[in-house]
Amino acid sequence: MSPIHPMLAPLAQAARHMPYADCAAALRAALKAPGWLRPEHRVGDPTGYMRHLLYVDPQNHFVITAITWLPGQASPVHGHQVWCAYGVAEGELTEERFRESYGRLTPVRTSVYQAGEVAEHDLEGKSIHRVSNRTPGTIVSLHLYGVSAERLTTGINRIFTA
Ligand SMILES: [Fe+2]
């Protein structure tokens, strides 16, 4: 993996201690000064939200990714198999939270996060949510996942089909 962007180095340092120490301050700092964000991170995939891998922990403890959301794009409703934390670098992201009870999902709340804001963490893999772009512009979010790079596409989400 390529060397880390210097502006993400403090975040990677903090993420090494996740999920036992919070990385919110380092995440917020990276979101408020997104010098790491390159033009290609604003180029989305019309078929669905697009992950850009920014950094892989050499010990395979976590990855840092940017996700690009074109207008109208949304994740499925999903939980997580690993810890995760994220925030918004550009744009305005909507997150719906759900609760699962006896196999049924109930909406809990909807939050809107602006550029520079850190979303609620899911350190124990218990949250169920759907993230979406309800704006006419492109959104770039910054995510940390406690997963190895090899498992990036299959090891993060638990998808709810109901
Ligand atoms: Fe998620």
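These numbers come from the heavy atoms of this one structure, side chains and all, not from hydrogens, waters or symmetry mates. In listed order, ligands and their atoms are each counted from 1. All figures in this text were calculated on a predicted structure; none of them were measured in a lab.
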Of all N, O or S atoms in His78, identify the one at the shortest distance from the Fe ion (ligand 1). NE2
Between His80 and Ser127, does any side-chain donor sit less than 3.5 Å from a side-chain acceptor? no
Separation between CZ of Phe62 and CE of Met18, rounded to the nearest 0.5 Å: 9.5 Å
Considering only N, O or S atoms of His80, the one closest to the Fe ion (ligand 1): NE2
Tell me whether Cys84 has at least one N, O or S atom under 2.8 Å from the Fe ion (ligand 1). no
How close do Trp69 and Ala74 get, counting heavy atoms only, and between which atoms? CZ3-C, 3.9 Å
Would one find more than 12 heavy atoms of other residues, nucleotides or ligands at under 6.0 Å from atom CD of Glu40? yes
